[in-house]
Amino acid sequence: MGFWRVILAIFLPPLAVLDKGCGSVVIVAILTVFGWVPGVIAALIILNNPNR
């Protein structure tokens, strides 16, 4: 997880997980609509997952 990816996850969470698949983008986008903090947390978790 690079520095610029973390910055992107903080400011635009759905764009940070764009290369992780459509499902991840949709989940993060929905969480971001409900609140900025849940979207950021979900994006950081998805980016930090070593299995993906």
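Side chains included, hydrogens not; waters and symmetry mates left out as well; all remaining heavy atoms used.
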* Could you give all pairs that pass the side chain to side chain donor-acceptor pair (under 3.5 Å) test and reach residues 28-46, with sequence neighbours left out? -> none
* Could you tell me which residues satisfy side chain to side chain contact (heavy atoms under 4.5 Å, CB included) with Ile41, sequence neighbours excluded, listed by chain and number? => Val37, Ile45
* Considering all heavy atoms of both residues, which atom of Leu31 and which atom of Ala42 are nearest to each other, and what is their separation? -> CD1-CB, 3.5 Å
* Structure fact -> In short, Pro38 meets Gly35 closest at the heavy-atom pair CD-O, 3.1 Å
* Restricting to pairs with a member in residues 2-13, which pass salt bridge (Lys or Arg N to Asp or Glu O under 4.0 Å), not counting sequence neighbours? -> Arg5-Asp19
* Nearest non-hydrogen partners of Val25 and Leu18, listed with the distance -> CG2-CA, 3.7 Å
* To do: List for me each residue that meets side chain to side chain contact (heavy atoms under 4.5 Å, CB included) alongside Val33, sequence neighbours excluded, and say none if there are none.
  => none
* To do: Supply the atom-to-atom distance Ile46 CD1 to Asn49 CG, rounded to the nearest 0.5 angstrom.
  => 8.5 Å
* Apart from Val26 itself, which Ile, Leu, Val, Met, Phe, Trp or Tyr residues share its cluster (side-chain heavy atoms under 4.5 Å, direct or through members)? -> Ile30, Phe34
* Excluding sequence neighbours, so at least two apart, what forms side chain to side chain contact (heavy atoms under 4.5 Å, CB included) with Ala29? -> Pro14
* Scan residues 39-49 for pairs that pass salt bridge (Lys or Arg N to Asp or Glu O under 4.0 Å), counting only residues two or more places apart or in two chains. => none
* Matching residue for Val6 among Leu44, Val40, Asn48, Leu47 - test: side chain to side chain contact (heavy atoms under 4.5 Å, CB included) -> Leu44
